[in-house]
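Worth saying up front: this structure is predicted, and the values here are computed from it rather than measured. All values below were derived from every heavy atom in this structure, side-chain atoms included, with hydrogens, water molecules and symmetry-related copies excluded. Chain letters run A, B, ... following the sequence lines, proteins first and then strands; every chain starts at 1.
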2 protein chains.
Amino acid sequence: MITIKDLAKATGLSVTTVSRALNGYSDVNEDTRKKIKKAAEELNYRPSAAARSLVMKKSRTIGVIISDINREGIKDALAYEILCGINDRSTMLDYDILLFSTSSKKQQKKSYSDLCKERGVDGAVIFGLRVNDPYLEEIICKADFPCVLIDIPVESKNAGHVTTDNVYGAMLAVNHLLKLGHRKIAMINGHNEAAVSIKRLEGYKQALEQAGIPFDTDLVFDGGFSEEGGCEAMYRILLNHPDVTAVFSASDLMVLGALRAMEKLNRRVPQTLSIVGYDDIPVAAYCSPKLTTVRQDKYEMGYRSAQLVIDMIENRQVDRRIILQNELIIRESTKAIP
Amino acid sequence: MITIKDLAKATGLSVTTVSRALNGYSDVNEDTRKKIKKAAEELNYRPSAAARSLVMKKSRTIGVIISDINREGIKDALAYEILCGINDRSTMLDYDILLFSTSSKKQQKKSYSDLCKERGVDGAVIFGLRVNDPYLEEIICKADFPCVLIDIPVESKNAGHVTTDNVYGAMLAVNHLLKLGHRKIAMINGHNEAAVSIKRLEGYKQALEQAGIPFDTDLVFDGGFSEEGGCEAMYRILLNHPDVTAVFSASDLMVLGALRAMEKLNRRVPQTLSIVGYDDIPVAAYCSPKLTTVRQDKYEMGYRSAQLVIDMIENRQVDRRIILQNELIIRESTKAIP
DNA sequence: ATTTTTATTGCAAGCGCTATCAGTATGATT
DNA sequence: AATCATACTGATAGCGCTTGCAATAAAAAT
């Protein structure tokens, strides 16, 4: 391995000068710099990030913590799109990404923040945490490096967040259904450990109440954000509330499950029931019927998270609360009441 | 930041002893070890990975190089599934992942191997490289750390690979079509800078020839692995070869494009044309018609890659050539000739 | 000619850790 | 009593890098 010392020997200069030349300091003669650069080139020198970060206490690395990167996440690929956004922006800003994630199954020995601390990341972006996750508190209180949380609206000394306007997004969905003449609208929600579920429920409620329709708890079902859960929720809706004409689901994945339930019971969407989902996952544009849904720009969420965490790392004063807008995409799974 | 030195001071021992106690050396009195561990706990000590890897010359980090992690890859999510597999296995084996990737647009300043060298990764797994990528050669020859290539069958001093049997996979697809009575079978291929394209073409040829059907170059179209390309290829097939009754596509994504072309021209799948794809992407099971396709276990590819690269890092003698089997999934896009 | 400034370079310390070697005390062996 | 093995602990030297400070020489100012 070629070190700065080798370059010093090769050029007959000191390590100090070599270091300064390579790092663009102005107090080194241009001829000297050229000589050093040439030697570095010839010897194919690469600075050791470990050594550098040891002394600088900066690693130019951001930790990306995604709980549950796993096979189940493949269908909706939310985490992936976010990751793409993070990756693009941090590469641009010359930061590297250290990926942490844990199969929920085996409990991890180390906490995320320990991992981050050991690896000396300069900051972290975190996705997929439940609001009651023990690490969340730890992050908010203890973390001594910037953290940005995706879809968990907390703020603290070292934490910021980026999310979308989930209340508004849900209202978009429900208002659409309302405009189509639906009055009896059920909701398939995720689970109440997810910040977004709480918000989307709120939006659902608000839209209903604005239309003068009383909110009815019995019409809200938890689908756990899974396809299976969506399927079961749909069965229950069909069984217990045959007068429901439309469903708002907190995720497209659950709609996929709901669609399966409908098919099993030989009921057609949107002819007998309108459904609007959330997320606009890739499948939404291809399944049958194509899903009317609330699109979140997950890539943008990742992109902005990276920007925010790096802003915080580099001590720029910026707004630590980023809220993106959602958009209603109307396709085939909704239809006006006859 | 709490260092080993602080622990030494706190316990009245030397840094040497502290280091050894924490690293489980046997030549430390158990009482001493306990005292040290207690102090470490209380002070919330975390070892610095940078310092450690500086002296050990091991980082317990593997670089994952995925060319083109970007929005276009979201639909098929191949890279994501692979990443999941890599992540799961390396987390298990206590390695961290450093993610490298580049938007193809802006040429990068540093090559992958430079990145790896700087960050001192112990090994790397690489996906998405074209066979003529300049970095490929660099990796094969220059890399002084283990590399595992996904879907590029090369082997060298420091390189291994994992791929699937693409010749066989293609034969599976074409034989299925043959069995359904199709004789005039076109192929939509990716591009010939992809190792898998070359192999799948070979499988297509072989299956045809085994059935006594002469191979016809005119029936092979490049779709560039994109939806758009698949669409255009389909138009060309329909226009120039109206007697084609079946198509084998080297990716599901291109089938999605082909399906769009069919719809535009008001031709139905599988009634007027059978199509079999490759990959079994998530959309394949939901689109209409559901796709008959050759499934690759991408997660497994990632998982095995991680295992292999770590085996190589830890100097275990293992087979550096891993070839997984593909599986034909029969759904609705293929049908026997009347 | 002398002092001051400016430009350029090197010495040396130290980041947090591991590892080599030596040292001390204790008990076992002759 | 002298020797040796055993169990533990510490001093110290780096790993490759940055940086504060000192040193030197040349140029500018007095």
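Just one of B:Arg46, B:Glu42, B:Glu41 meets the side-chain hydrogen bond (donor to acceptor under 3.5 Å, both in side chains) condition when paired with B:Asn44; it is B:Arg46. B:Asp311 pairs in a salt bridge (charged side-chain N to carboxylate O under 4.0 Å, His left out) with only one of the listed residues (B:Arg89, B:Arg316, B:Arg320), which is B:Arg316.
When heavy atoms are screened at a 4.0 angstrom cut-off, A:Gly12 is found touching the sugar-phosphate backbone but no base atom. Within the 4.0 angstrom heavy-atom criterion, only backbone atoms of the sugar-phosphate kind lie near B:Thr32; the bases stay farther away.
Distance CZ (A:Arg60) to P (D:dC17): 17 Å, rounded to an integer number of Å. Between the CG atom of B:Asp27 and the C1' atom of C:dT26 there is a distance of 16 Å, given to the nearest Å. Note: CG (B:Leu54) to P (C:dC15) measures 14 Å, nearest angstrom. Going from atom OH of B:Tyr25 over to atom C1' of D:dA7 covers 17 Å, rounded to whole Å. Taking atom CG of residue B:Leu7 and atom P of nucleotide C:dG16, one finds them 12 Å apart after rounding to whole Å. One can place NZ of B:Lys58 at 18 Å from P of D:dC15, the figure rounded to the nearest angstrom. Separating the CD atom of B:Glu118 from the C1' atom of D:dC17 is a distance of 13 Å, rounded to the nearest angstrom. Computed from coordinates, the B:Asn29 CG to C:dT24 C1' distance equals 15 Å when rounded to whole Å.
Across the interface with DNA chain D, nearest-nucleotide mapping of B:Ser26 and A:Lys5 shows B:Ser26 to be the residue nearer the 5′ end. Toward the 5' end of DNA chain C, the nearer of the two residues A:Thr16 and A:Glu30, judged by each one's closest nucleotide, is A:Glu30. For the pair B:Ala51 and B:Ser14, nearest-nucleotide mapping onto DNA chain D gives the more 5' position to B:Ser14.
Ion pair A:Arg119/B:Asp96 flagged as a salt bridge, since at least one NZ, NE, NH1 or NH2 atom sits closer than 4.0 Å to an Asp/Glu carboxylate oxygen.
Annotation: the span from B:Ile65 atom CD1 to B:Leu129 atom CG amounts to 8.0 Å, rounded to 0.5 Å. Between B:Leu98 atom CG and B:Leu115 atom CG the span is 8.5 Å, to the nearest 0.5 Å.
For B:Met56, the side-chain atoms get nearest to C:dA19 when compared with the rest of D:dG16, D:dT9, C:dA19. Among C:dT9, D:dT19, C:dC17, the nucleotide with an atom closest to any side-chain atom of A:Ser19 is D:dT19. Closest to the side chain of B:Asn23, from the set C:dC15, D:dC17, C:dT18, is C:dT18. Here the nucleotide nearest the side chain of A:Val15, chosen from C:dA12, C:dG16, C:dC15, is C:dA12. In this structure, of C:dA19, D:dC17, C:dC17, it is D:dC17 that holds the atom nearest to the side chain of A:Arg52. Of the candidate nucleotides C:dT8, D:dT9, C:dT18, D:dT9 has the atom lying nearest to any side-chain atom of B:Thr17. For A:Arg20, the listed nucleotide lying nearest its side chain is C:dT9; candidates were D:dC17, C:dT9, C:dC17.
Dashed line: the shortest gap from a side-chain N or O of B:Lys57 to OP1 or OP2 of D:dG16 is under 4.0 Å.
Minimum interatomic distance between B:Ala194 and B:Phe225 (heavy atoms only, all atoms of both residues): CB-CE1, 3.7 Å.
For C:dG16, its base never sits under 3.5 Å from the side chain of B:Arg46 at any donor and acceptor pair.
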